[in-house]
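So the structure is just underneath, and the comments pick up after that.
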Amino acid sequence: METKVQNTKVKTQTKFNQITGSEAIIQCLMLEGVDTVFGYPGGTIMPVYDAMYDFQKQFKHILVRHEQGAVHAAQGYARVSGKTGVSIVTSGPGATNTITGIADAMIDSTPMVVISGQVAAPLLGTDAFQETDVVGISQPITKWSCQVTKPEEIPVAIAKAFYIASTGRPGPVVIDITKNAQFGKLDFEYKKCRGIRSYIPYPKLKIDQVKEAAKLINNAKKPYALVGQGVILGKAETELKKLLEKAGIPAAWTLLGLSAMPSDYKYNVGMLGMHGNYAPNIKTNECDLLISIGMRFDDRVTGNLKSYATQAKIIHFDIDPSEINKNVKVDVPVVANVKESLAAILEFVEENQHNEWLQEFRKCDEIEEEKVLNDELYPTKEGMTMGEVVRRVSEFTNHEAIVVTDVGQHQMMASRYFKFKKPKSFVSSGGLGTMGFGLPAALGAKLGAPERDVCLFVGDGGLQMTIQELGTIFQSNAAVKIIVLNNNFLGMVRQWQELFFNKRYSHTELCNPDFITIAKGFGVPGHVVDKRENLDKSISAMMEHNGPYLLEVKVEKEGNVFPMVPAGASVSDVILSKDQIKI
């Protein structure tokens, strides 16, 4: 493969005699199949950016406006494309600006490689200009981090980085490369990493565990499956459906498990968690068998562990042995890639149906519809609700868009009321809960799946944390549809202040700027809708626009997200209205 740029013939191949370390970095990335990176140039990474110049037709670089945006964009790109996201930044503040995104990627199992420049090796440890110990800082929040000080170390380090980031339970890797290593020369040879001693990304499936799990499923009267992101990461959606259908098992999804199965799927009973649906929470403490599939029993799912599913036997399918018995003691662990383990168990699971048990979930749905959904989705009050806005956007996109969210009330509303038909359709910051994630992640998602509509739901608070990435969206012409659900509050914090702190709204009300004027300043058109009768035509105008668009929707100021499991409460104590709360 070759291309001509500025009359310079450039080749991509596995061997070269005497090229610079910076050229080697680009060659390594391309040989790993990387065609898009997100980054920001600076002094110690400048040799790499100079090397990029000759690959402009083969290698797309997205110039973000802040390094945090680079990492979140790489996350969005990775989550929808299934590839490893890549960010390139300079040393010092450039590297430290990526830390939030790296931590976010670690806890949400997102494959990502971050390459940071570093001062020359002779200056290490001297407090040189823009020197920081990025390896030391990032080690607790990465699968692996390393520093490269010699050019000949570059190919092996990058090969290991991509292997570690993308295999097993995915996650972020940091490679810190000194400036002298970028300038120095090496005889280049690249071999993809196929294995590392002591690193076992795919545990060997134990068939006795599979048989024991199948026996519990066959004997259960009220089995219940919890579906996490591991199903999506493992590309096990088909195997999941085969198991649920063969054994007739109701299944709920976690926040990051959204879109692992269609929203209208017969056995899909809704979302788990603090702001999940009523039935999935209540029935956790009524089932006789709990089947966890690619999820980690996060505290937002379990509530009070002392009262969590104490009546049930528990099976845990997971690729990461460190998750077994970490939070919840299980009866049968099945440690392997869920695509492999779910396929294996089908042979031993008997045909069954649990229609009466499934109907118990549907009866709970009727309660939630009466107490919550009707008021949220079809309100008669004057102010628009977040839920009705999400519902209408979902309908306008035929439920086929990729949904990206920031963090807060709108995140919970989007996860509850958007309907999904296709996998890899939901991108959000789950474990870390990073405000500011949404806008750059939506950019990355659009570039990772350019053929699909990408709709971002973001609050007025979260938008302002990374609002500068509107400039990146404009420059890259990424057709992201941005829906700002504006209540002039830090909504989720305000909800807690209302419900648990006697309405003492301490520093949560926002005096917001004119978002439409700001967006237009970045070349992104948009408009405000503040009346229900104008909502549909506003959404239609947004979706029909050929390019990025910002729609600001004025929603009710003091709307709350229900159902809700109060912090420290049992999942059985899920509440449907603020009248049930006792302070």
Side-chain angles (χ1 to χ4, degrees), residues 38 40 62-70 72-73 76-77 384 386 389-390 392-393 396-397 401-411 413-414 418 427-429 434-447 450 452-491 510-531 534-555 557:
F38 304 87
Y40 203 97
I62 305 300
L63 178 62
V64 297
R65 299 308 187 259
H66 189 281
E67 291 87 356
Q68 182 179 347
H72 291 327
Y77 179 89
M384 282 184 287
M386 292 185 183
V389 178
V390 171
R392 293 303 290 143
V393 174
F396 266 88
T397 62
I402 292 171
V403 172
V404 183
T405 81
D406 206 81
V407 170
Q409 285 183 315
H410 68 276
Q411 177 189 32
M413 291 297 193
F418 204 96
V427 180
S428 191
S429 173
T434 304
M435 289 181 68
F437 172 90
L439 192 61
L443 161 69
K446 184 61 182 176
L447 294 173
R452 297 185 64 185
D453 287 328
V454 173
C455 295
L456 166 66
F457 292 98
V458 60
D460 43 315
L463 177 64
Q464 292 180 77
M465 287 199 168
T466 51
I467 196 169
Q468 69 276 359
E469 299 308 333
L470 285 170
T472 314
I473 287 172
F474 169 66
Q475 185 168 348
S476 58
N477 195 31
V480 177
K481 310 305 180 184
I482 305 162
I483 302 100
V484 184
L485 299 176
N486 185 359
N487 57 10
N488 290 103
F489 265 116
L490 298 176
L510 293 169
C511 181
N512 287 320
D514 184 336
F515 292 121
I516 303 305
T517 297
I518 291 174
K520 288 180 178 178
F522 281 109
V524 177
H527 73 278
V528 178
V529 55
D530 56 7
K531 294 182 179 178
N534 297 328
L535 180 60
D536 280 4
K537 65 181 181 181
S538 297
I539 296 173
S540 179
M542 174 184 68
M543 297 309 302
E544 290 174 4
H545 178 72
N546 185 23
Y549 197 94
L550 189 147
L551 178 64
E552 179 184 355
V553 185
K554 302 280 191 177
V555 295
K557 286 196 69 171

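Not measured: the values here are computed from a predicted model.
Looking at heavy atoms from C-beta onward, Tyr77 lies out of side-chain contact with Ile62 at the 4.5 angstrom threshold. Between Arg65 and Gln475, the closest side-chain pair of non-hydrogen atoms falls below 4.5 Å. Using a 4.5 Å heavy-atom threshold, the side chains of Thr434 and Gln68 count as touching. Side-chain contact between Leu439 and Ile473 is present, with at least one heavy-atom pair separated by less than 4.5 Å. Residues Leu470 and Ile482 are in side-chain contact: their nearest non-hydrogen atoms beyond the backbone lie under 4.5 Å apart.
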- [ ] Give the intermediate values and the outcome of side-chain contact (heavy atoms from CB on, under 4.5 Å) for residues Ser429 and His72.
- [x] CA-CA 9 Å; Ser429 173; His72 291 327; over 6 Å; no

Open item on the list: Assess the residue pair His527 and Ser538 against the criterion (side-chain hydrogen bond (donor to acceptor under 3.5 Å, both in side chains)); give the C-alpha distance rounded to whole Å, side-chain angles, the decisive distance to 0.1 Å, and a yes or no.
Closed with: CA-CA 8 Å; His527 73 278; Ser538 297; 3.0 Å; yes

Task: Asp536 and Phe396: CA distance, side-chain angles, deciding distance, side-chain contact (heavy atoms from CB on, under 4.5 Å) verdict - done: CA-CA 9 Å; Asp536 280 4; Phe396 266 88; 3.9 Å; yes

Open item on the list: Between Thr466 and His66, does the side-chain contact (heavy atoms from CB on, under 4.5 Å) criterion hold? Intermediate values first, please.
Closed with: CA-CA 8 Å; Thr466 51; His66 189 281; over 6 Å; no

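Contact between Gly69 and Pro440 at its shortest, heavy atoms only, is O-CB, 3.4 Å. The minimum heavy-atom distance between Met413 and Met386, with the atom names listed, is CG-CB, 3.7 Å. Across all their heavy atoms, Lys481 and Met542 have their closest contact at NZ-O, 3.4 Å. Listed here is the closest heavy atom pair of Val427 and Gly76: CG1-CA, 4.2 Å. The two residues Gly491 and Asn487 make their nearest non-hydrogen contact at CA-ND2, 4.0 Å. In this structure, Asp406 and Gly438 approach most closely via the heavy-atom pair OD1-N, 2.8 Å.
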Side-chain atoms of residues 457-464: list all donor-acceptor pairs with protein atoms under 3.5 Å, sequence neighbours left out, distances to 0.1 Å.
residue, atom, partner, partner atom, Å
Asp460, OD2, Asn488, N, 3.1
Asp460, OD2, Phe489, N, 3.4
Asp460, OD2, Asn512, ND2, 2.8
Gln464, NE2, Asp460, O, 2.9
Gln464, NE2, Asn512, OD1, 2.8

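Between the CD1 atom in Ile402 and the CG atom in Asp453 there is a gap of 9.0 Å [rounded to 0.5 Å]. Separating the CZ atom in Phe38 from the OG1 atom in Thr472 is a distance of 10.0 Å, to the nearest 0.5 Å. The line from CG of Leu447 to OG of Ser476 is 5.5 Å long, rounded to the nearest 0.5 Å. Note that CG of Leu535 is 11.0 Å distant from CG of Asp530, once rounded to the nearest 0.5 Å. In this structure, CD1 on Ile467 lies 6.0 Å from CZ on Phe515, to the nearest 0.5 angstrom. Atom-to-atom distance recorded for Tyr549:OH and Ile483:CD1 is 11.5 Å, nearest 0.5 angstrom.
Listed for the Lys446 side chain is a donor-acceptor partner under 3.5 Å among the backbone atoms of Arg452.
Environment of NZ in Lys531: sparse, with no more than 12 heavy atoms of neighbouring residues, nucleotides or ligands closer than 6.0 Å.
The side chain to side chain contact (heavy atoms under 4.5 Å, CB included) test with Leu485 is passed by exactly one of Glu552, Gln409, His410, Lys554: His410.
A search for side chain to side chain donor-acceptor pair (under 3.5 Å) contacts involving Ser428 returns Thr405, Gln411, not counting sequence neighbours.
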